[in-house]
Amino acid sequence: MAKGLAKRSENYSQWYNDIVVKADLAENSDVRGCMVIKPSGYAIWEKMQQQLDKMFKDTGHQNAYFPLFIPKSYLSKEAAHVKGFAKECAVVTHYRLKNAEDGSGVVVDPDAKLEEELIVRPTSETIIWNSYKKWIQSYRDLPLLINQWANVVRWEMRTRLFLRTAEFLWQEGHTAHASKDEAIGEAEKMLDVYAEFAEEYMAMPVIKGVKTEEERFAGALETYCIEALMQDGKALQAGTSHFLGQNFAKAFDVKFANKEGVLDYVWATSWGVSTRLMGALIMTHSDDNGLIIPPKLAPTQVVIVPIYRNDEQFDAISAKAEELKKELQAKGISVKFDNRDTHKPGWKFAEYEFKGVPIRLAIGPRDLENNEVELARRDTLEKEQISMMDLPTKIEHLLEQIQSNLFTKAKTFQEDNTFHASDFKDFKSLIKKGGFVYAHWDGTAETENRIKEYTKATIRCIPLNNKREDGSCILTGNPSLQKVLFAKAY
RNA sequence: CGGGAUGUAGCUUAGUCCGGUUAAAGUGCGCGUCUGGGGGGCGCGAGAUCGGAGGUUCGAAUCCUCUCAUCCCGACCA
C-alpha cells in the first residue's frame with residue numbers, strides 16, 4: 001500500500017481525500033468551500049473538456065460566453081427555478097471599496113451600493129434566455145444550439161474536493177427548438193453524448209434514466225441523468241440533461257414565427273457536466289496504491305524512468321529513451337521521460353504509481369544490454385520484461401487493453417452491486433449494504449420522501465427502456481408498473 | 001443558524017489537566033557524503049514572537065476574560 005494513503009476498506013472518504021491531495025490534483029483554498037485545482041488535476045480536466053467539446057461540436061453546437069453576474073430580477077422570472085437556487089446564491093451588493101478611516105485596511109464603500117443586486121450565476125438559464133429573446137424571431141433562427149464553458153457558484157454548506165465545492169467549473173448547453181419533440185430529442189441526444197463520454201473515455205459505466213419530480217432540476221419538465229456507482233456503494237450523478245418545455249420561453253417572452261406565420265413560444269433544453277466528473281473518475285478506478293487514470297484521459301500515458309550509476313550509463317539510456325519517446329509520440333501517445341537527477345528511481349516509481357500514469361517503463365544498463373525494458377501497468381500492477389522490438393505498437397495496444405480492462409472491471413463491480421428488493425425489509429438491508437437497488441414504487445412523492453427518511457436512499461432515476469413489470473410498492477403496497485433505481489447518493 | 005471541538009515550524013502533531021532554564025518530534029526543506037532495479041543510510045543546518053488582545057503571577061504555550069479563525073455533526077445540494 002502507498003505511504004500515507006488510507007485504505008478504502010477502512011476509511012473511504014479519507015482515502016478519497018488523500019488521493020486528491022497526495023496525487024496533487026487539488027487542495028482546499030483559504031476561501032471556504034472553494035478549491036485550487038493544481039496542474040496535475042487541471043490537466044485531466046482539460047482532457048475531459050477537449051473530448052466533450054469535440055463531441056458537442058460534432059453534434060452541431062457552438063460555444064459562446066455569457067456574464068458571470070445575473071441581475072436579481074432575471075433570476076426571479078421563472079418561479080420554480082428561483083425557488084430551487086435561492087438558498088445558495090452569492091450576491092454582489094456593492095461595486096467599490098475605500099480605505100477605512102481608522103487605517104485598518106479597506107472597507108466596502110456604503111455610497112457604492114448597486115441599484116439592483118447582481119447574483120453570481122448558480123447556472124445561466126435566465127441570463128441566456130434574456131439574450132435568446134433578442135436572437136430568435138423566426139423558425140429560421142432555430143434550432144439554436146449553444147454551449148458555454150464557465151465557472152458557477154452555489155453556496156454549499158458542506159463541501160468536498162471536486163464532488164461538491166462552492167465554486168465549480170462546468171459546461172452548460174442551452175438550446176432552443178421549434179417543436180417539443182425536437183427539444184426532447186435534443187435532451188436525449190445530449191444524455192447519450194454524456195453516457196458515451198462516461199463509458200468510452202472515463203471507462204465508467206452509467207445508468208441512463210429520468211429523475212422523479214422530487215429530484216428534477218428547478219424549472220425543468222423532465223430531467224435526464226446518468227448515474228454511476230462508486231466503489232463504496234454510493235451513487236453519483238455524473239451528468240444531467242433537461243427538457244425545459246416552454247417555461248423559460250414564457251418567462252422571457254421568447255416567441256418565434258413558424259412557417260405558417262403563427263407565433264409560438266420556443267422549446268428549450270439545458271445540459272451540463274462539471275468538475276464533479278473528476279471525483280467520479282477518481283472513485284471509479286483508483287485503488288489503495290493511489291490514483292488510476294484511464295489512458296484516454298491520462299495527460300501522461302507513458303513515463304520512462306532511467307536507472308543508472310554514472311554519467312556514461314545515463315547518456316546511453318537517455319539516447320535510447322529519447323528515441324523511444326519520439327516513436328511513441330509519432331503514434332499520438334503522450335510520453336514523459338523523467339530524466340531528473342534529483343529523485344531516485346524508487347521514488348519515481350512510487351510517485352507515478354500514486355499519480356496513476358497507465359504505463360511505466362524502466363530502462364537500466366541491464367535492459368540496454370538485452371535490448372529490453374521493464375514495463376509496469378498501473379491497472380493490474382503487473383511487471384514484465386519485454387523486448388524493445390516493436391515496443392511502440394505493443395504499447396499502443398496495451399493502452400487500449402488497459403482502457404477496456406478498466407471499463408470491464410467497473411462494469412463488473414456495478415453488476416455485482418446491483419440488487420432487486422422484494423419487500424421493504426429486504427430493501428433496507430440491501431441499501432445498508434450499499435449499491436444500486438431496484439424496487440417497486442407507487443409513483444408518489446410522499447412515498448419517495450418516506451423511504452428517504454427511513455433509509456437515506458433516494459430514487460436515482462427511472463431507467464430509460466425500463467422493463468415494465470406489475471408489482472406492488474415496497475413501502476405502501478400500492479400498485480406499481482415498474483421497478484425504479486434506488487441508492488444512497490453523493 | 002443550532003450542537004461539539006480545535007488553533008504550537010511549510011505540513012502532521014506532543015507538551016496545556018498539575019505554570020518554572022534555550023518549546024519537542026516526525027515529515028518536508030537546504031548542504032555534504034555514501035548511494036541508485038520500489039518512497040535509501042549517515043552527518044550537519046535553516047525554520048515557531050505557541051491564532052490575536054488584555055489580565056493574574058517573580059515567571060504563562062500552560063491559569064482567567066474577551067476576540068478572531070478553522071474543523072466536525074445537523075437542515076441544503078451538479
Side-chain angles (χ1 to χ4, degrees), chain A residues 1-5 13-14 17-18 21-22 27-33 83-89 104 121-125 150-160 162-172 194 211 214-218 220 223-228 235-242 270-280 289-290 305-311 313-314 317 340-355 360-370 372-376 381 383 385 452-453 456 458 460 489-490:
Chain A
M1 194 193 76
K3 202 193 281 180
L5 172 64
S13 58
Q14 183 67 47
N17 220 36
D18 287 351
V21 173
K22 290 182 199 293
E27 64 189 17
N28 277 306
S29 80
D30 284 351
V31 182
R32 190 193 158 79
K83 188 161 176 275
F85 288 105
K87 284 169 286 181
E88 49 186 21
C89 286
S104 62
R121 62 180 166 221
T123 180
S124 304
E125 273 78 3
N151 58 337
V152 288
V153 168
R154 295 181 188 175
W155 212 261
E156 301 289 349
M157 297 319 273
R158 184 95 178 74
T159 59
R160 293 194 63 193
F162 289 117
L163 295 173
R164 174 163 298 109
T165 47
E167 178 192 16
F168 56 93
L169 306 184
W170 77 345
Q171 58 69 217
E172 46 182 327
Y194 288 154
K211 289 290 187 188
E214 283 295 292
E215 301 276 328
R216 200 174 286 159
F217 175 74
T223 288
Y224 300 83
C225 62
I226 50 172
E227 294 284 329
L236 185 112
Q237 178 175 304
T240 51
S241 172
H242 315 290
S270 69
W271 27 274
V273 294
S274 70
T275 34
R276 180 179 239 201
L277 288 180
M278 292 286 294
N289 295 293
V305 177
I307 295 156
Y308 55 94
R309 287 170 193 274
N310 52 50
D311 287 353
Q313 288 179 347
F314 176 72
I317 291 163
R340 289 177 301 173
D341 193 35
T342 50
H343 296 277
K344 307 204 171 89
W347 192 93
K348 293 176 183 176
F349 290 176
E351 174 84 351
Y352 291 114
E353 201 161 283
F354 203 90
K355 290 191 166 182
R360 183 188 71 230
L361 303 176
I363 308 179
R366 285 205 301 269
D367 304 305
L368 224 46
E369 224 167 90
N370 302 329
E372 286 181 348
V373 294
E374 181 194 82
L375 183 151
L381 296 171
K383 283 197 291 197
Q385 288 293 127
K452 182 177 177 182
E453 208 176 295
K456 296 233 156 72
T458 50
R460 300 320 304 151
Y490 275 95

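All figures in this text were calculated on a predicted structure; none of them were measured in a lab. Throughout, a chain's letter reflects where its sequence line sits, starting with A, and its residues are numbered from 1.
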State whether A:Arg158 places a side-chain N or O below 4.0 Å from either non-bridging phosphate oxygen (OP1 or OP2) of B:C73. yes
Output a table of nitrogen or oxygen pairs between the protein and nucleotides 6-12 of chain B separated by less than 3.5 Å.
none

Heavy atoms only: give me the nearest A:Phe314-A:Pro306 pair and the separation to one decimal. CE1-CG, 4.3 Å
Considering only side-chain heavy atoms of A:Arg309, which listed nucleotide, B:A78, B:C71, B:G36, is closest? B:G36
When you compare B:C66 with B:G59, how far apart are their C1' atoms, in angstrom units rounded to a whole number? 23 Å
Nearest to the side chain of A:Ala362 - B:A75, B:A78, B:G37? B:G37
What is the distance from CD of A:Glu215 to C1' of B:C76, rounded to the nearest Å? 12 Å
Expressed in angstrom and rounded to an integer, what is the separation of A:Asn28 atom CG from B:C71 atom P? 8 Å
Across the strands shown, which category fits A:Asp341 at heavy-atom distances under 4.0 angstrom: base, sugar-phosphate, nothing? base
With heavy-atom distances below 4.5 Å as the criterion, would you say the side chains of A:Phe217 and A:Thr240 are in contact? no
Distance only, no hydrogens: is a donor on one side chain within 3.5 Å (strictly under) of an acceptor on the other, for A:Thr458 and A:Arg460? yes
My understanding is that only one of A:Lys22, A:Arg360, A:Lys348 makes a salt bridge (Lys or Arg N to Asp or Glu O under 4.0 Å) with A:Glu353; could you say which? A:Arg360
Has A:Glu125 got a side-chain atom pairing as donor or acceptor with A:Ser270's backbone, closer than 3.5 angstrom? no
Whole-Å distance, A:Leu163 CG to B:C76 P, equals 19 Å
Does any non-hydrogen side-chain atom of A:Asn151 lie less than 4.5 Å from one of A:Arg121? yes
Can you list the stems that RNA chain B is part of, where a stem is at least 3 pairs in a row, each Watson-Crick or G-U, with both distances below 3.5 Å? B:1-7 with B:68-74, B:10-13 with B:24-27, B:29-34 with B:40-45, B:51-55 with B:63-67
For the C1' atoms, the ones on B:G3 and on B:U62, what distance do you get once it is rounded to whole angstrom? 28 Å
Can you tell me the distance, in whole Å, between the NZ atom of A:Lys87 and the P atom of B:C76? 7 Å
If you take all heavy atoms of A:Leu236 and A:Tyr490, which pair is closest and at what distance? CD1-CB, 3.6 Å
With A:Arg276 as the cation and A:Phe168 as the aromatic partner, state whether NZ or CZ is under 6.0 Å from the six-membered ring centre and within 45° of the axis. no
Atom C1', compared across B:U56 and B:C64: separation rounded to whole Å: 7 Å
Residue-phosphate contact under 4.0 Å: A:Arg154 side-chain N/O, B:A78 OP1/OP2: no
Check whether any side-chain heavy atom of A:Ile317 sits under 4.5 Å from a side-chain heavy atom of A:Ile307, and report yes or no. no
Polar atom pairs (N or O), protein with nucleotides 38-40 of chain B, under 3.5 Å:
from: B:G38; atom 1: N7; to: A:Lys383; atom 2: NZ; distance (Å): 3.0
from: B:G38; atom 1: O6; to: A:Arg360; atom 2: NH2; distance (Å): 2.7
from: B:G38; atom 1: N1; to: A:Glu353; atom 2: OE1; distance (Å): 2.8
from: B:G38; atom 1: N2; to: A:Glu353; atom 2: OE1; distance (Å): 3.3
from: B:G38; atom 1: N2; to: A:Glu353; atom 2: OE2; distance (Å): 3.0
from: B:G39; atom 1: O2'; to: A:Lys3; atom 2: NZ; distance (Å): 2.9
from: B:G39; atom 1: N2; to: A:Trp347; atom 2: NE1; distance (Å): 3.4
from: B:G39; atom 1: N2; to: A:Glu351; atom 2: OE1; distance (Å): 3.3
from: B:G40; atom 1: N7; to: A:Lys344; atom 2: NZ; distance (Å): 2.4
from: B:G40; atom 1: O6; to: A:Lys344; atom 2: NZ; distance (Å): 2.6

Quick check for you: among B:C76, B:C71, B:G37, whose closest atom lies nearest to any side-chain atom of A:Glu88? B:C76
What's the gap between B:U22 and B:A48 when it is taken at their C1' atoms, as a whole Å value? 14 Å
Pairwise P distance, B:G54 and B:A14 [rounded to whole Å]: 28 Å
Atom NE2 in A:His242, atom NZ in A:Lys211: separation rounded to 0.5 Å? 10.0 Å
Which is true for A:Arg366 with a 4.0 Å heavy-atom rule: it touches a base, it touches only sugar-phosphate, or it touches nothing? base
Touch check for A:Tyr308, heavy atoms < 4.0 angstrom, all strands: base, sugar-phosphate only, or nothing? base
How is A:Glu156 classified with respect to the nucleic acid when contacts are heavy atoms under 4.0 Å: base, sugar-phosphate, or nothing? base
Residue pair A:Met157/A:Arg216 against RNA chain B: nearer the 5' end by closest nucleotide is A:Met157
Is the number of heavy atoms from other residues, nucleotides or ligands within 6.0 Å of CH2 (A:Trp347) greater than 12? yes
What contact category does A:Phe217 fall into here, base, sugar-phosphate, or nothing, at under 4.0 angstrom with non-hydrogen atoms? nothing
Roughly how far apart, to the nearest Å, are B:C73 and B:G32 at atom P? 47 Å
I need the minimum non-hydrogen distance between A:Val305 and A:Pro345, along with the two atoms involved. CG1-CA, 4.2 Å
Starting from P on B:C71, measure out to CZ on A:Arg160 and report it in whole angstrom. 14 Å
So what does A:Thr458 touch, heavy atoms closer than 4.0 Å: a base, only the sugar-phosphate, or nothing? nothing
Measure CG/A:Asn17 against C1'/B:C71 and give the value in whole Å, please. 13 Å
Nearest-Å distance once atom P is located in both B:G15 and B:A24: 16 Å
Contact class for A:Gly272 vs. all strands (heavy atom < 4.0 Å): base, sugar-phosphate, or nothing? nothing
Got A:Glu156 and A:Thr165 here, is their nearest side-chain heavy-atom distance under 4.5 Å? no
Whole Å only: how far is the CG atom of A:Asp30 from the P atom of B:U70? 9 Å
Classify the nucleic acid contact of A:Ser274 as base, sugar-phosphate or nothing, counting any heavy atom under 4.0 Å across all strands shown. base
Provide, to the nearest angstrom, the distance between the CD1 atom belonging to A:Ile307 and the C1' atom belonging to B:U35. 14 Å
Taking B:G52 as the reference, what is the distance to B:A69 when you measure between their C1' atoms (whole Å, please)? 10 Å
For A:Phe85 and A:Pro122, work out which heavy atoms get closest and say how close. CD2-CB, 3.8 Å
